[in-house]
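Note that the coordinates shown come from a computational prediction; the quantities given were computed from them, not determined experimentally.
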Amino acid sequence: MAPEEPLARDLEATIAARAELGREYEPALVESFAERLEQTIAARVEVEAKRYASPPGSGNQLALGIVSLGTGIPITAIAGGTASLPGILIAWAGIVSVNVAAAWQQRQRRR
């Protein structure tokens with residue numbers, strides 16, 4: 001049964017009820033049908049949203065990696081200029097630690 005069939009039957013029933021009950025019940029019948037229509041649309045939107053939604057946090061790790069590389073370049077220059085190789089190693093150890101912690105936290109959320 002196509003999703004449109006129950007809605008089409010509801011419309012036919014609403015029209016038949018209007019014919020039986022008369023014009024004075026028309027606003028209530030239209031409102032009732034409109035409510036069912038809104039529910040049907042909301043349900044379809046929810047299904048489609050779930051279908052195309054990416055898993056939570058899927059782009060966060062990529063973004064963090066890009067930001068880490070972008071900020072790593074000037075941090076490397078500053079650390080290398082002020083503390084040479086030990087400064088560079090400490091700076092990149094911090095950057096790597098932040099990325100590892102973020103990946104670990106995301107993995108814990110998936111469980």
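- Note: T71 OG1 to I66 CD1 = 12.0 Å, rounded to the nearest 0.5 Å.
- Placement of L69 and I88 within a single hydrophobic cluster is found when ILVMFWY residues are connected by side-chain heavy-atom separations under 4.5 Å, directly or transitively.
- In this structure Q105 satisfies the side chain to side chain donor-acceptor pair (under 3.5 Å) test with no other residue, sequence neighbours excluded.
- Take I41 and apply the side-chain contact (heavy atoms from CB on, under 4.5 Å) test, not counting sequence neighbours, and it matches L37, V45.
- Atom-to-atom distance recorded for L29:CG and E24:CD is 10.0 Å, nearest 0.5 angstrom.
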Under 3.5 Å, side-chain donor or acceptor atoms of residues 94-101 against the rest of the protein: list the pairs with distances, not counting sequence neighbours.
unit_1, atom_1, unit_2, atom_2, d
S97, OG, A93, O, 2.7
N99, ND2, S68, OG, 2.8
N99, ND2, I95, O, 2.9

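- Contacts classified as side chain to side chain donor-acceptor pair (under 3.5 Å) and involving residues 81-94 (residues at least two apart or in different chains) are given here: T76-W92.
- Around the CD atom of E31, the shell of radius 6.0 Å holds no more than 12 heavy atoms that belong to other residues, nucleotides or ligands.
- We find the CG-CD distance between L64 and Q106 to be 9.5 Å, quoted to the nearest 0.5 Å.
- In this structure E46 satisfies the side chain to side chain donor-acceptor pair (under 3.5 Å) test together with K50, sequence neighbours excluded.
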Would you tabulate the side-chain donor-acceptor contacts of residues 10-21 under 3.5 Å, counting partners in other chains and residues two or more places apart, or write 'none'?
unit_1, atom_1, unit_2, atom_2, d
D10, OD2, R36, NE, 3.1
T14, OG1, D10, O, 2.8
T14, OG1, R36, NH2, 3.0
R18, NE, E26, OE1, 2.9
R18, NH2, E26, OE1, 3.1

